[in-house]
Amino acid sequence: MNNTITEPAAIEIRGLRKDYGRFRLGPIDLDLPAGYVTGLVGANGAGKTTLLKSVLGLVRPDAGSVRQGRDGRVRPGIDLAGTGVVFDQLTVIPEWTARGAAAAIAPFCPRWDATLFADLLERFRVASDARIGTLSRGEGTKLSLALALARRPGLLILDEPTSGLDPSARRDVIDVFAEFMAADEGHTILFSTHITSDLDRIADHLRVLAGGQLVEAGPLAEVLERYAMVRGPSVALSAPARAAVHGLREVNGVFDALINVRHTALFGPEVLIEPAGIDDLVVHLGRTEGSPR
């Protein structure tokens, strides 16, 4: 699909493809606009983690390119030293302490800020001498975030960083992301998550994956304005209406589905039409039955 953006791109992905046999990602063209938070969503198995790992060089794609824009130019690959990464699980050795993890990572990060790291640990109430294997899920996520931000990155890549956190811890983490974006107009976040309420709070753009393909992209508000949810009795579905829906679901004579708003005239007064949310796009664009041909 057309993923052209008018803003400068922090990352440009062209023709990216990875074939595992049982699952194929792409080919995908995707631009990540610089200076914005872009949400990456899709059902389990849609290809989000494979895409992120390809961007980071953790997976070697079968085809395609990943390039990063800096200083008005575009260069191959990703500046890993200037990129902060937060996964849903800690990726450092469990026997290390928080302080030890920082000492191991700092030599590879030219812009490492030890003062910022210490300040973030204090803010997050994570003891610097705590053994990583003893940290709670929330503490581990906050340590990962402190390690990422102490790099003084321009780009943050986040893969389910708030998964499993309680609402208070999630709010703390989202607040830090907002502060990161406010600190520099060039800061950029690519945020993959199943918790779409987090994207409602912070995302500017949205990219939707389904079955290894990019199926929707654009500024978040514009994407949501393109869709609506329809619900009503199945007998009210005419043949043209059935052909227009995405992800049709019918239970006990009642249906629900996603439609493009240009098709609202196909549905009569007995059908309820409501605004669509991000969850609706994930659920219904990922279904093949009932999707327009």
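One-based numbering along the sequence shown. Only heavy atoms go into these numbers, but all of them, side chains included; no hydrogens, no water, no symmetry mates.
- The backbone N or O of Arg24 sits nowhere less than 3.5 Å from a side-chain atom of Asp19 that would complete a donor-acceptor pair.
- A salt bridge links Arg201 to Asp175: one of the charged nitrogens lies within less than 4.0 Å of a carboxylate oxygen.
- Taken to the nearest 0.5 Å, the CG atom of Leu149 stands 5.5 Å off from the CG atom of Leu156.
- Note: Ile157 CD1 to Phe191 CZ = 13.5 Å, rounded to the nearest 0.5 Å.
- Using modelled atom types, one side-chain atom of Gln213 and one backbone atom of Gly26 make a donor-acceptor pair closer than 3.5 Å.
- Summarising the geometry, atom CG belonging to Leu32 is positioned 7.0 Å from atom CZ belonging to Arg207; distances are rounded to the nearest 0.5 Å.
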Worksheet item: Would Thr264 and Ile259 satisfy side-chain contact (heavy atoms from CB on, under 4.5 Å), going step by step from the backbone distance to the final call?
Response: CA-CA 8 Å; Thr264 55; Ile259 61 166; 3.9 Å; yes
Item to complete: Tell me, with the steps shown, if Ile13 and Leu51 meet side-chain contact (heavy atoms from CB on, under 4.5 Å).
Response: CA-CA 10 Å; Ile13 299 171; Leu51 177 61; 4.0 Å; yes
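- Here the side chain of Glu160 pairs a donor or acceptor atom with the backbone of His194 at under 3.5 angstrom.
- Between Leu220 and Ile278, some side-chain heavy-atom pair lies under the 4.5 Å cut-off.
- The residues Arg14 and Asp31 are annotated as salt-bridged, a charged nitrogen and a carboxylate oxygen being separated by less than 4.0 angstrom.
- Below 30°, between 30° and 60°, or above 60°: for His187 and Phe180 the angle between ring planes is below 30°, a parallel geometry.
- Looking only at distances, a side-chain donor or acceptor of Thr188 sits under 3.5 Å from a matching main-chain atom of Gly186.
- Rounded to the nearest 0.5 angstrom, Leu52 CG and Phe87 CZ are separated by 7.0 Å.
- The hydrophobic cluster containing Leu237 does not contain Val254, counting ILVMFWY residues as joined when their side-chain heavy atoms lie under 4.5 angstrom apart, directly or transitively.
- Of all non-hydrogen atoms in Ser192 and Pro161, the two that sit nearest each other are O-CD, 3.9 Å.
- Between the side chain of Asn260 and the main chain of His263, no donor-acceptor pair closer than 3.5 Å is present.
- Annotation for Ile202 and Val37: closest pair O-CB, 3.6 Å, computed over non-hydrogen atoms.
- Looking at Arg152 and Pro110, their side chains never come closer than 4.5 Å, going by heavy atoms from C-beta outward.
- Residues Leu25 and Tyr20 have side chains not in contact (no heavy-atom distance under 4.5 Å, counting atoms from C-beta outward).
- Residues Asp198 and Thr162 have side chains that bring a donor and an acceptor to within less than 3.5 angstrom of each other.
- The backbone N or O of Leu209 sits nowhere less than 3.5 Å from a side-chain atom of Lys48 that would complete a donor-acceptor pair.
- Thr141 pairs with exactly one of Leu165, Asp172, Val126 by the side chain to side chain contact (heavy atoms under 4.5 Å, CB included) rule, that one being Leu165.
- Residues Met229 and Leu272 are members of separate hydrophobic clusters, defined by side-chain heavy-atom contacts under 4.5 angstrom among Ile, Leu, Val, Met, Phe, Trp and Tyr.
- Looking only at side-chain heavy atoms (C-beta outward), Ile189 and Phe177 come within less than 4.5 Å of each other.
- Between the side chain of Lys18 and the main chain of Arg60, a donor-acceptor pair closer than 3.5 Å is present.
- Of all non-hydrogen atoms in Pro240 and Leu266, the two that sit nearest each other are O-CD1, 3.8 Å.
- The shortest distance between side-chain heavy atoms of Leu281 and Val41 does not fall below 4.5 Å.
- With a 6.0 Å radius and a threshold of 12 heavy atoms from other residues, nucleotides or ligands, Glu274 has its CD atom above the threshold.
- The two atoms that bring Phe117 and Ala146 nearest to each other are CD1-O, 3.7 Å, heavy atoms only.
- Side-chain atoms of His284 and Tyr227, non-hydrogen and from C-beta on, never get closer than 4.5 Å to each other.
- With a 6.0 Å radius and a threshold of 12 heavy atoms from other residues, nucleotides or ligands, Arg131 has its CZ atom above the threshold.
- Atom CG of Leu120 and atom CG of Leu116 lie 4.5 Å apart (nearest 0.5 Å).
- Residue Pro153 comes nearest to Gly84 through the heavy atom pair CB-N, 3.4 Å, listed as atom of the first residue, atom of the second, then distance.
- Hydrophobic clustering (side-chain heavy atoms under 4.5 Å, transitive across Ile, Leu, Val, Met, Phe, Trp, Tyr) keeps Ile195 apart from Leu158.
- Counting non-hydrogen atoms of neighbouring residues, nucleotides and ligands closer than 6.0 angstrom, the CD atom of Glu270 exceeds 12 such neighbours.
- Using a 4.5 Å cut-off on side-chain heavy atoms (C-beta onward), Val271 and Phe255 make contact.
- The two residues Leu16 and Ser54 come nearest to each other via the heavy atoms CD2-CB, 3.8 Å.
- Looking only at side-chain heavy atoms (C-beta outward), Ile105 and Trp112 come within less than 4.5 Å of each other.
- Hydrophobic clustering (ILVMFWY, side-chain heavy atoms < 4.5 Å, transitive): Val261 and Phe267 are in distinct clusters.
- Rounding to the nearest 0.5 Å gives a distance of 6.0 Å between CZ of Arg242 and OG of Ser234.
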